[in-house]
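Here the structure is a predicted model, which means the values were calculated and not measured. A, B, ... follow the sequence lines: proteins, then strands. Residue 1 opens every chain.
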There are 2 protein chains.
Amino acid sequence: MVGPTDDLDLIGRRTAQRACVVRALIDHGGFVGARALHGILESQGARVGLNTVYRTLAALVGAGRADVVRDRGGERLFRHRPFPEHQHYLLCRVCGLSTPVDSEAVESWAERVAEASGFAEVEHTVELTGLCPRCRSHPTY
Amino acid sequence: MVGPTDDLDLIGRRTAQRACVVRALIDHGGFVGARALHGILESQGARVGLNTVYRTLAALVGAGRADVVRDRGGERLFRHRPFPEHQHYLLCRVCGLSTPVDSEAVESWAERVAEASGFAEVEHTVELTGLCPRCRSHPTY
DNA sequence: CTAGTAGTGACAATCATTTCCATCTACGGT
DNA sequence: ACCGTAGATGGAAATGATTGTCACTACTAG
Ligand SMILES: [Mn+2]
Ligand SMILES: [Mn+2]
Ligand SMILES: [Zn+2]
Ligand SMILES: [Zn+2]
């Protein structure tokens, strides 16, 4: 396990704003959009520009310290990734709660398909979404 | 195999515009964006509003006659689906060429993960992208 | 401490998609 | 064939996420 400090080292200069963004992303735990994260920071009294939130998240993704998925509306949702390994998640469509899933089977499947295809530089995106037990009971307040 | 006629029956009234959109989508063969499809129609002299292109594609998706993926920029790409079965594709990031892939392994994997998770209404998106043999050789003209 | 460069943020721009709404038309009665 | 009308069209404006611009700020190497 690593902390926010390690993330900051990977993405350039250490600024108060980036520290806030990384801190908030880690605290949130699940997948969260840039605008929502910016809202959280505002409610904490942290003065960080939305643009900086976007840039910091992009930097984290580039450094392999965050994962990205697209929600139904096409918005990008980010989640901090404490470990360097490639991950896939099952996430709740309502609250963003996410749990890593064992993706051994898909990884090997994707590799097999890629080889048989004649295509080069094959990449894959795999996303599972559903309703978590908690949101499942709630009558969508 | 079914033709454009069958598609039109599924999505409401038969209008010249919808016929054009469905025809163009089928002729294109691979995945294509709404705007690009609209451009194709324009170059054919077909007077169809972009709005109608979007609506027709949405209707096809709703009727299960088209598949959707997101490209890297977040744009939605559509492909006509002649058969009713759920499909996954390997598609070229450059030209949009797509080939259905056998996804038996992922389907069962997704089902297994869903059951073990406690989540309800679990859905999945699986996309493979790469460079097709043709685009692979071309030096990105 | 200072220079120099990377980072910041208010604002404008972009881009795909949706919403509005006035107008049109396909089509099931008659 | 003729209506009436719900459904369809399309131009323009709105939306919403993301990126570009650029003057200003503040890390940090030396
Ligand atoms: Mn994977
Ligand atoms: Mn599937
Ligand atoms: Zn939930
Ligand atoms: Zn290609």
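For Glu111(B), the CD atom sits in a loose shell: 12 or fewer heavy atoms of surrounding residues, nucleotides or ligands are nearer than 6.0 Å. Other residues, nucleotides and ligands contribute only 12 or fewer heavy atoms inside 6.0 Å of the CZ atom of Arg47(B).
The CG-P distance, from Asn51(A) to dA17(D), rounds to 15 Å in whole Å. Rounded to an integer number of Å, the gap from OH of Tyr54(B) to P of dT17(C) is 4 Å. If you take NE2 of His38(A) and P of dG16(D), they are 17 Å apart, rounded to a whole angstrom. Glu42(A) has its CD atom 13 Å from the C1' atom of dG9(C), to the nearest Å. One atom, CG of Leu8(B), and another, P of dA8(D), lie 12 Å apart when rounded to the nearest Å. Protein atom CZ of Arg55(B) is 14 Å distant from nucleotide atom C1' of dT25(C), rounded to whole Å. Rounded to a whole Å, the CD1 atom of Ile11(A) is 12 Å from the P atom of dT28(D). Rounded to a whole Å, the CZ atom of Arg47(A) is 20 Å from the P atom of dC24(D).
The phosphate of dA6(C) has neither OP1 nor OP2 within less than 4.0 Å of any side-chain N or O from Arg13(A). For Arg18(B), a side-chain nitrogen or oxygen approaches OP1 or OP2 of dA8(D) to under 4.0 Å. Note on Arg14(B): every side-chain N or O is 4.0 Å or more away from OP1 and OP2 of dG28(C). Between dA8(D) and Thr15(B), no contact under 4.0 Å exists linking OP1 or OP2 to a side-chain N or O. In this model, the phosphate group of dG16(D) is not approached by any side-chain N or O of Arg76(A) to a distance below 4.0 Å at OP1 or OP2. Look at Gln17(B) and you won't find any side-chain N or O under 4.0 angstrom from OP1 or OP2 of dA8(D).
Taking for each of Arg70(B) and Gly49(A) the nucleotide of DNA chain C with the nearest heavy atom, the 5'-most of the two is the partner of Gly49(A).
Counting any heavy atom pair closer than 4.0 Å across all strands shown, Leu57(B) reaches no nucleic acid atom. Counting non-hydrogen atoms under 4.0 angstrom, Arg35(A) reaches a base of the nucleic acid.
A salt bridge does not link Arg35(A) with Glu42(A): every distance from a Lys NZ or Arg NE/NH1/NH2 to an Asp or Glu carboxylate oxygen is 4.0 Å or more. The pair Arg79(B)-Asp67(B) does not meet the salt-bridge criterion, since no charged nitrogen lies less than 4.0 angstrom from a carboxylate oxygen.
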What pairs of donor and acceptor atoms, side-chain ones from residues 51-61 of chain A against any protein atom, are under 3.5 angstrom apart with sequence neighbours left out?
unit_1   : atom_1 : unit_2   : atom_2 : d
Asn51(A) : OD1    : Arg55(A) : NH1    : 3.4
Thr56(A) : OG1    : Thr52(A) : O      : 2.8

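Nearest to the side-chain atoms of Glu75(B) among the listed nucleotides dC20(C), dT17(C), dT18(D) stands dT17(C).
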